[in-house]
Amino acid sequence: MDLGLEGCVAIVGGTSSGMGRSCAMALAREGANVALFARRAELLDDAVTEIESLGTGASALAVAGDSSQPADLEALVARTLERFGKLDIVVNNSGGPPAGGFEDFDDDAWRAAWDLTLMSTLRLTRLALPELRRSGRGRVVNITSSAVKEPSEGLLLSNTYRPGVIGWAKTLSQDEGPHGVTVNSIAPGYIDTERMKSLYAGGADPEGDRRRDEVLIPARRFGDPDEIGDLCAFLCSTRAAYLNGITILVDGGLAKGLLS
């Protein structure tokens, strides 16, 4: 299937590892040029090498920075346009906020999670939107969490701010549809990433806790980051031009709600 991504230009956040890196690789395999954004510069350089060795003609640009810092996001968009001359796709993805309950966080922690989880998405999209409109086939894909469908135990900050991303995305999809820009979101469940491993590491029995949770998933396994990347590439494609304003849950069948 030709996804119509050859020659497109994408910005993908959180590309040093996990789902962000898989999204970038999936787009590059389809011939899209990718600006890679994350804090760990050395891992971004490795990703650039991997993309440019794919043989698809895709090029990559590494931009190190912190998604919670507005100046870093401005530099990301500016460098992408300087290198590639246009922008067609933005994949909003960042690390999740810390685990914990209501009494664990002071005002500064709430503000930091707000900047990381909600405002980074709004700010980057705002910066990119003129170019996405100019593209005529602009795509915004937000990597969120299954917490937007069903709150996750012990992840209060994520449960609070990630649904805000979905409310914003739904509204933006209505506003930008006439400009040819689609806005969609992916809500991953248990995906085998560094963050997931770190969350389990905080417990008394990480392996036992993981096995307990795997049994609850009808697929009987955690998802692979590449499964998120492949869905992201499809949502960015011309084949998905009539998908707009939706949130796709990718959880192996774990959620039981009829509207999940």
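Scope of the values below: all heavy atoms of this structure, side chains included, with no hydrogens, waters or symmetry mates.
Distance check: Arg221 CZ to Asp213 CG gives 15.5 Å after rounding to the nearest 0.5 Å. Atom OH of Tyr190 sits about 4.5 Å away from atom OH of Tyr200, to the nearest 0.5 Å. A distance of 13.0 Å separates CG of Leu81 from CZ of Arg83, quoted to the nearest 0.5 Å. Within the model, atoms CG of Leu216 and CG of Asp251 stand 11.5 Å from one another, a figure rounded to the nearest 0.5 Å. To the nearest 0.5 Å, the span separating CD on Glu74 from CZ on Arg126 amounts to 9.5 Å. In this structure, the separation between CG on Leu231 and SG on Cys23 is 8.5 Å, given to the nearest 0.5 Å.
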Item checked: Stepwise side chain to side chain donor-acceptor pair (under 3.5 Å) test for Asp88 and Ser135 -> CA-CA 6 Å; Asp88 306 291; Ser135 165; 2.7 Å; yes
Check: Run the side-chain contact (heavy atoms from CB on, under 4.5 Å) check on Phe234 and Leu3 step by step: do they pass?
Finding: CA-CA 7 Å; Phe234 178 73; Leu3 297 183; 4.2 Å; yes
Margin query: Set out, in order, the CA-CA distance, both residues' side-chain angles and the distance that settles side-chain contact (heavy atoms from CB on, under 4.5 Å) for Glu131 and Val77, then state yes or no.
Written below: CA-CA 10 Å; Glu131 292 297 325; Val77 174; 5.8 Å; no
Item checked: Derivation and outcome, side-chain contact (heavy atoms from CB on, under 4.5 Å), residues Ser120 and Ser94 -> CA-CA 8 Å; Ser120 64; Ser94 64; 4.1 Å; yes
Next item on the list: Kindly indicate, with the supporting measurements, whether the criterion side-chain contact (heavy atoms from CB on, under 4.5 Å) is fulfilled by Val91 and Arg139.
Entry: CA-CA 8 Å; Val91 179; Arg139 300 285 186 270; over 6 Å; no
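Inter-residue side-chain proximity for Phe84 and Ser59 is flagged as met; some heavy-atom pair is nearer than 4.5 Å. A 4.5 Å side-chain heavy-atom check between Val165 and Lys170 finds every atom pair outside the cut-off. Within the 4.5 Å cutoff, the side chain of Pro98 has heavy atoms near those of the Leu157 side chain. Proximity of Lys86 to Arg134: side-chain heavy atoms (C-beta onward) are nowhere separated by under 4.5 Å. Side-chain contact check for Leu243 versus Ile246: some heavy-atom pair is nearer than 4.5 Å. Within the 4.5 Å cutoff, the side chain of Leu61 has no heavy atoms near those of the Leu36 side chain. Inter-residue side-chain proximity for Glu214 and Arg220 is flagged as unmet; no heavy-atom pair is nearer than 4.5 Å. Between Cys8 and Arg137 there is a side-chain heavy-atom pair separated by less than 4.5 Å.
For Arg210 and Phe222, the positive end sits near the middle of the six-membered ring, less than 6.0 Å away and at most 45° from its axis.
Heavy-atom minimum distance, Pro97 versus Thr117: CD-OG1, 3.4 Å. In terms of heavy atoms, Thr144 sits closest to Ala187 at OG1-CA, 3.6 Å. Minimum heavy-atom separation, Asn159 to Ala147: OD1-CB, 3.3 Å. When all heavy atoms of Val140 and Leu132 are compared, the pair lying nearest together is CG2-CD1, 3.6 Å. Of all non-hydrogen atoms in His179 and Asp175, the two that sit nearest each other are CD2-O, 3.7 Å. Between Leu129 and Glu176, the shortest heavy-atom contact is CD2-OE2, 3.7 Å.
Within 6.0 Å of the CD atom in Glu42, the count of heavy atoms belonging to other residues, nucleotides or ligands exceeds 12. The number of heavy-atom neighbours closer than 6.0 Å to CD of Gln174, taken from other residues, nucleotides and ligands shown, is above 12. No more than 12 heavy atoms of other residues, nucleotides or ligands lie within 6.0 Å of CZ in Arg39, so this atom counts as exposed by the packing criterion.
A salt bridge between Arg21 and Glu50 is present, with a side-chain N of the basic residue lying under 4.0 Å from a carboxylate O of the acidic one. For Asp192 and Lys197, the salt-bridge test passes: some basic side-chain N is under 4.0 Å from an acidic carboxylate O. Checked for salt-bridge contact, Asp2 and Arg239 miss the test: no charged N lies under 4.0 Å from a carboxylate O.
Transitive grouping of hydrophobic side chains (ILVMFWY, heavy atoms separated by less than 4.5 Å) keeps Leu116 and Leu118 in distinct clusters. Under a hydrophobic clustering in which Ile, Leu, Val, Met, Phe, Trp and Tyr are joined whenever their side-chain heavy atoms come within less than 4.5 Å, directly or via other members, Leu87 and Leu73 fall into the same cluster. Grouping the Ile, Leu, Val, Met, Phe, Trp and Tyr side chains by contacts below 4.5 angstrom, directly or via other members, places Leu249 apart from Val141. Connection of Ile191 to Ile143 is established within a shared hydrophobic cluster, with ILVMFWY side chains joined at heavy-atom distances below 4.5 Å, either directly or through further cluster members. When hydrophobic clusters are built by joining Ile, Leu, Val, Met, Phe, Trp and Tyr residues whose side-chain heavy atoms come closer than 4.5 Å, directly or via intermediates, Phe37 is not grouped with Leu43.
When atom types are taken as modelled, the side chain of Glu194 and the backbone of Gly18 share no donor-acceptor pair closer than 3.5 angstrom. Not a single donor-acceptor pair under 3.5 Å links the side chain of Asn33 to the backbone N or O of Ala58. Counting only distance, with no hydrogens or angles, the side chain of Asp115 and the backbone of Met119 share no donor-acceptor pair below 3.5 Å. Although no hydrogens or angles enter the test, the distance criterion places a donor-acceptor pair under 3.5 Å between the side chain of Thr193 and the main chain of Met196.
Side-chain contact of Asn142 with Ser185: a donor-acceptor pair under 3.5 Å is present, judged by distance alone. Thr125 and Asn92 are linked by a side-chain donor-acceptor pair at a separation below 3.5 angstrom, with hydrogens and angles left out of the test. Side-chain atoms of Ser17 and Arg195 include no donor-acceptor pair closer than 3.5 Å.
Each of Ile186, Asn93, Val12 was evaluated against Cys232; a single residue qualifies, Ile186, per the side chain to side chain contact (heavy atoms under 4.5 Å, CB included) test. Paired with Ser22 under the rule side chain to side chain donor-acceptor pair (under 3.5 Å), one option of Thr15, Asp224, Asp230, Asp226 passes, and it is Asp226.
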